[in-house]
Peer 1: 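Handing you this structure, nothing more for now.
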Amino acid sequence: MFELYDTLSRSKKAFKPVSGEVKVFVCGPTVYDYLHLGHARTYIAFDIMVRYLRFLGYKVRYIMNITDVADRIVDRALKLNTEPLALAKQFEKAFLDDLASLGITSIDRFERASDYIPEIIGQVSGLVKRGIAYETNTGVYFEVSQFPAFGKLSGLNKEELGLRRFELCSSKKQPEDFSLWRKYPRDTLGWDSPWGYGRPGWHVEDTAISMKHFGNTYDIHGGASELIFPHHEAEIAQAEALTGEIPFVRYWLHTGLLNIGGRKMSKSLGNVIRIQDAVKVFTPAQLRYYFASFHYRRPITLSETQIKRAGRAAKRLQDNFMRFNQTPVGTRGTRSIISLVDKFEAKFKRFMEDDFDTPRALRTLADLSQLLSFHARRKRQIDPEVKAVVERRFRAMADVFGLV
Ligand SMILES: [Zn+2]
């Protein structure tokens, strides 16, 4: 049985998509700077998951948003004396280059927040009309007390929610209320709205995008675990309060942190390794093999030694397959090798379907590559049809990791 660990229910749940098409939404970056290996870890993890769903034959629609409207972008643009949206475009380009350099190819569409202002205003209006959001002199806020289920994703209680408030604003009714729209003077980036000129809050940008494409309920929403609160908690509140439909998302998937020297890799701590620098030293196969050799939910402590070791393992796998690939075709081939592939493929799937246990699935694939290489050496020739079948099936599995 295919099971995924759902952050909301805190358990593994059988995977059953809403419809024949699996809808996947993963939070993209706020484009005000270059991305680092922590981002790479998350985006590679979801790339592997989506590749695996497609390997199984699922039709998947995978959307990633790009946060190009945010205070951090406006602040940085002001410092650099440039336009916020121009700055965002520049870092969006760098982000897309990063994804390409890591072999991340599974995303169908990228959607910018700035292209969804009417949808965002529509959602905020809907929440105000339902009495769940209120306007003050600084903006429009989601009134958390109107949505009693608030906290169900993060598991934080009311006191903790109040303490974890992240926007200080004296006009709010309660500290945990979060902004849907902020009013700003006209000399900064913004749009007209029923509440005056201003900019949307971060959380509502993502629900406006995902619900426009996926409707009120969809399958998988992913992101780094640091997005659980407040971002994803707020997304659930907005969507479910607006539509009354529960659940907004069937499976919440979150990746573990990437640590470096005992601390989380983050821009604010100044300990980041940019993707653009990492790919000058390591190949995409090396990095992908490295990240896939940890379960996606586990924290990773970055280690250059381990990346190099992963690189050697990736090369071994590729060399083994090459050796098999170069076996001369002939009539003395054996079909027994097909049953070997059957056996390993079943194992590979069993691991992947246990909440994407990529470390064990990857080891299974590496073992299979070794046996294929032995087989090629021992038999010295192989039936062309058998060879073609084995190659196709091995490639399909290796492609889930982006290794061939
Ligand atoms: Zn998001």
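We count ligands from 1, going down the list as the structure has it; atoms in each ligand are counted the same way. What's counted below: heavy atoms across the whole structure, side chains too, no hydrogens, waters or symmetry copies.
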Peer 1: Less than 6.0 angstrom from the centroid, inside 45 degrees of the normal: does Lys183 satisfy that with respect to the ring of Tyr197?
Peer 2: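 No, Lys183 does not lie over the aromatic ring of Tyr197.
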
Peer 1: Which N, O or S atoms belonging to the protein are less than 2.8 Å from the Zn ion (ligand 1)?
Peer 2: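 Hits for the Zn ion (ligand 1) below 2.8 Å: Cys27 SG, Asp206 OD2, His231 NE2.
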
Peer 1: Answer yes or no: is there an ion pair linking Asp355 with Arg298, defined by an N-O contact shorter than 4.0 Å?
Peer 2: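 Salt bridge: no.
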
Peer 1: Identify every side-chain donor-acceptor pair in residues 30-37 under 3.5 Å, counting partners at least two apart or on other chains, and give the distances.
Peer 2:
residue, atom, partner, partner atom, Å
Tyr32, OH, Arg72, NH1, 3.4
Asp33, OD2, Lys267, NZ, 2.8
His36, ND1, Gly38, N, 2.9

Peer 1: Please work out whether the ring planes of His232 and His221 are parallel, tilted or perpendicular, with thresholds of 30° and 60°.
Peer 2: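 The rings of His232 and His221 stand perpendicular, inter-plane angle above 60°.
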
Peer 1: Parallel under 30°, tilted from 30 to 60°, perpendicular over 60°: which one fits the rings of Phe348 and Phe401?
Peer 2: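 Geometry flag for Phe401 against Phe348: perpendicular rings.
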
Peer 1: Run the salt-bridge test on Asp115 and Arg112 with the 4.0 Å N-O cut-off and return the result as yes or no.
Peer 2: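 Looking at Arg112 together with Asp115, the answer is yes, because their closest N to O distance falls below 4.0 Å.
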
